Participant: 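One structure, as structure tokens, below. Some questions next.
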Number of protein chains: 2
Amino acid sequence: MATISKENYLKAIYTLGEGNSKLVSSTSLAKELNVSKAAISEMASRLAGQGFIDYKKYKGIKILSKGKKLAISVIRKHRLWELFLVDSLGLSWDEVHNEAEKLEHCTTDFLIDKIDEHLKFPKTDPHGDPIPNKNGDFRTVWNDMSMKECVENKSYSIVRVNDRSDDFMKYLSKIKFLLNKEFIVIEKLAFDGSLKIEIDKIKHMLSEKIIENIFVREIKN
Amino acid sequence: MATISKENYLKAIYTLGEGNSKLVSSTSLAKELNVSKAAISEMASRLAGQGFIDYKKYKGIKILSKGKKLAISVIRKHRLWELFLVDSLGLSWDEVHNEAEKLEHCTTDFLIDKIDEHLKFPKTDPHGDPIPNKNGDFRTVWNDMSMKECVENKSYSIVRVNDRSDDFMKYLSKIKFLLNKEFIVIEKLAFDGSLKIEIDKIKHMLSEKIIENIFVREIKN
DNA sequence: CAAATTATTTAAGTATACTTAACTTTACTC
DNA sequence: GAGTAAAGTTAAGTATACTTAAATAATTTG
């Protein structure tokens, strides 16, 4: 049985392992899931016993195809819910993450496929992350760049954000820094890595901590 | 903390106790929740300890205002989800009960209020059951009658059904016997309590077991 | 390369939510 | 009112998913 806990462990292992390439350590998993390292050891043994992961004591965790399948299915549910809540229920993008975090665990494949269909099989969620299709394939090709690489006097649009904390999302909403929104880089400050940008004719200073979590696409005119 | 189990226990206690009037027995609860009678004793002690119910050993269970509040909140979530899935996602009424049974436990008050608003504060769900408002009040006045009381050559419309089993709901869907649908009683057979009705110009025989779970309103012309 | 530090696991204990089996209470019948 | 059947509880045990504290393995550093 795939309980809520197991689904969250597998999602975290999949994310931290970046697909299935990297080994995931107990410490990083414990931090991600907000549980003790002892809890990780225990659950790792259980998940390994059920064929979801490969677990070598003191070495690390690697997701197996069975675990990957479940993780992607949960991610798919999460992202489709987020988009659905924004598009069909009018929630704002900083409100949907926590709701989707719960809904992803109590949605049947039947229902999520109906939602996928209703949204006309979208490719990305409201944060710009790709939505896997029914078969678990991410078809979107990454062609974005970190906002850190932006140069002065060029226009960009925001393609993806990499943080879901309330504070971060709420700040972006407040300055109307939404997905696909265009902005111009006015000034780049070398000494602290911060960026002065103009959006909707209003200028904002963004710290390095903010911009390293934002991914953009250059707009060529 | 209100876990999924606790929510289901309170929902069942509220339903079997018909609001808060009747004492609920361990046996009936065990049957409703598909667990052993021993499990009922244990959970009853826990719920009583937390002030959700009044529990007198060997006597029975009675819901308290704290428990009633939680039960109604879960029922509200269930019924709003059902209507939402039918109205906004196009699921059929026999598909929504099982989905709502899961979603009701992982929906915040914030989200369900958004759904309520989106549906324009509906009064009944797709089975005709009343939806409590944000304050927990059921405002709908019951003016339906059991289908058993139907008489020959009169027209009725279906107002509410009292069973959520897949077989029952699928059969009603199949013969297009949907909420608010009009039908005429052609013949009433006294010996087995069955009813011959006409719906969309097609005649159907409905057994007593079916009609006792259907509630109707007479259409006067 | 040995010592120290960090990472990880094991052990023991807790809470929830179940089970079956044994026992007790209540209700019913003669 | 005693005997019995049904209803309900208690006791003991299980699985999941955590915790803290102690022990062990791996890695880093002098």
Side-chain angles (χ1 to χ4, degrees), chain A residues 1-17 22-63 66-67 70-71 74 101-102 104-106, chain B residues 1-18 22-64 66-67 70-71 74 101-102 104-106:
Chain A
M1 271 271 46
T3 64
I4 293 177
S5 273
K6 273 187 208 166
E7 290 187 349
N8 282 329
Y9 273 78
L10 288 170
K11 198 171 57 148
I13 293 165
Y14 178 80
T15 308
L16 294 174
K22 273 170 54 182
L23 269 178
V24 179
S25 71
S26 294
T27 308
S28 62
L29 243 189
K31 207 171 285 174
E32 175 78 14
L33 293 166
N34 263 303
V35 295
S36 66
K37 283 182 280 180
I40 302 297
S41 293
E42 199 192 68
M43 184 62 110
S45 302
R46 220 195 320 265
L47 290 173
Q50 293 164 0
F52 289 109
I53 60 169
D54 189 35
Y55 171 47
K56 295 223 169 40
K57 280 182 188 171
Y58 296 104
K59 296 296 178 188
I61 292 165
K62 212 172 170 182
I63 205 155
K66 185 180 172 188
L70 213 152
V74 175
E101 203 66 19
K102 304 182 93 197
E104 66 188 11
H105 304 294
C106 46
Chain B
M1 271 273 43
T3 62
I4 293 177
S5 272
K6 274 187 207 165
E7 290 187 348
N8 282 329
Y9 273 79
L10 288 170
K11 201 172 56 149
I13 293 165
Y14 177 80
T15 308
L16 294 174
E18 289 161 27
K22 272 170 53 181
L23 270 179
V24 179
S25 71
S26 294
T27 308
S28 62
L29 244 189
K31 207 171 284 177
E32 175 78 12
L33 293 166
N34 261 303
V35 296
S36 67
K37 284 183 279 180
I40 301 297
S41 294
E42 198 192 67
M43 184 63 110
S45 302
R46 219 195 322 265
L47 289 173
Q50 293 165 359
F52 289 108
I53 59 169
D54 189 35
Y55 171 47
K56 296 222 170 37
K57 281 181 187 172
Y58 297 103
K59 297 294 177 190
I61 292 166
K62 212 172 170 181
I63 205 154
L64 293 177
K66 186 180 171 187
L70 212 151
V74 175
E101 202 67 18
K102 304 183 93 196
E104 66 187 10
H105 305 295
C106 46

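Naming: A, B, ... by sequence-line order, numbering from 1 per chain. Keep in mind the model is a prediction, meaning the values are calculated, not measured.
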Participant: Taking only side-chain N and O atoms of B:S25, does any of them lie within less than 4.0 angstrom of OP1 or OP2 on D:dA7?
Facilitator: no
Participant: Check whether any side-chain nitrogen or oxygen of B:Y58 sits under 4.0 Å from OP1 or OP2 of D:dT10, and answer yes or no.
Facilitator: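 Checking B:Y58 against D:dT10: no side-chain N or O falls below 4.0 Å of OP1 or OP2.
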Participant: Which is more 5' along DNA chain C, the nucleotide nearest A:V24 or the one nearest B:M43? Just name the residue.
Facilitator: A:V24
Participant: Under 4.0 angstrom, heavy atoms only, what part of the nucleic acid is B:T27 near: base, sugar-phosphate, or nothing?
Facilitator: sugar-phosphate
Participant: I need the NE2-P distance between A:H105 and D:dA17, as an integer number of Å.
Facilitator: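 To the nearest whole Å, that distance equals 12 Å.
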Participant: Below 4.0 angstrom from OP1 or OP2 of C:dA7, is there any side-chain N or O of A:K59?
Facilitator: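 The answer is no; no side-chain N or O of A:K59 sits under 4.0 Å from OP1 or OP2.
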Participant: When all nucleic acid strands are considered with a 4.0 Å heavy-atom cut-off, which category describes A:K57: base, sugar-phosphate, or nothing?
Facilitator: sugar-phosphate
Participant: Taking atom P of D:dA25 as reference, at what distance in whole Å does atom NZ of A:K56 sit?
Facilitator: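 Taking atom P of D:dA25 as the reference, NZ of A:K56 is at 18 Å.
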Participant: Rounded to the nearest Å, what distance is computed from the CD atom of residue A:E42 to the P atom of nucleotide D:dA15?
Facilitator: 12 Å
Participant: Any side-chain to backbone donor/acceptor pair from A:K59 onto A:L23? Under 3.5 Å, distance only.
Facilitator: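 Pair absent, no side-chain N/O of A:K59 close to backbone of A:L23.
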Participant: Does D:dT9 have OP1 or OP2 sitting under 4.0 Å from an N or O in the side chain of B:Y55?
Facilitator: yes
Participant: Report yes if a side-chain nitrogen or oxygen of B:S36 is closer than 4.0 Å to either non-bridging phosphate oxygen (OP1 or OP2) of C:dT19; otherwise report no.
Facilitator: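 Checking B:S36 against C:dT19: at least one side-chain N or O falls below 4.0 Å of OP1 or OP2.
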Participant: Nearest heavy-atom pair of B:K56 and B:D54: which atoms, and what distance?
Facilitator: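 Shortest heavy-atom separation between B:K56 and B:D54 comes out as NZ-OD2, 3.3 Å.
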Participant: Looking at every strand, decide which applies to B:S26 at a 4.0 Å heavy-atom threshold: base, sugar-phosphate, or nothing.
Facilitator: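 Here B:S26 touches the backbone only, sparing every base.
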Participant: Grab the two heavy atoms, one from A:K37 and one from A:A30, that are nearest each other, plus how far apart they are.
Facilitator: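 Taking every non-hydrogen atom into account, CG-CB, 3.9 Å.
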Participant: Would you mind reading off the distance between A:L23 atom CG and C:dA7 atom C1', rounded to a whole angstrom?
Facilitator: 14 Å
Participant: In whole Å, what is the span from the CG atom of A:L29 to the C1' atom of C:dA7?
Facilitator: 14 Å
Participant: B:I40 CD1 to C:dT25 C1': how many Å, rounded?
Facilitator: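 Rounding to the nearest Å, CD1 of B:I40 and C1' of C:dT25 are 18 Å apart.
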Participant: What pair of heavy atoms forms the shortest contact from B:I40 to B:L33, and how long is it?
Facilitator: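 In this case the closest contact between B:I40 and B:L33 is CD1-CD1, 4.3 Å.
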Participant: Could you check if a side-chain atom of B:K22 sits within less than 4.5 angstrom of a side-chain atom of B:L16, using non-hydrogen atoms only?
Facilitator: no
Participant: Whether A:S41 contacts C:dT10 is assessed here as follows: a side-chain N or O lying under 4.0 Å from the phosphate OP1 or OP2. Is that the case?
Facilitator: no
Participant: Which sits closer to the 5' end of DNA chain C, B:A39 or B:Q50, going by the nucleotide each is nearest to?
Facilitator: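 Nearest nucleotide further toward 5': that of B:Q50.
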Participant: What integer distance in Å separates A:K37:NZ from D:dC18:C1'?
Facilitator: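 The distance from NZ of A:K37 to C1' of D:dC18 comes to 16 Å, rounded to the nearest Å.
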Participant: To the nearest Å, give me how far apart CG (B:N34) and P (C:dT20) are.
Facilitator: 12 Å
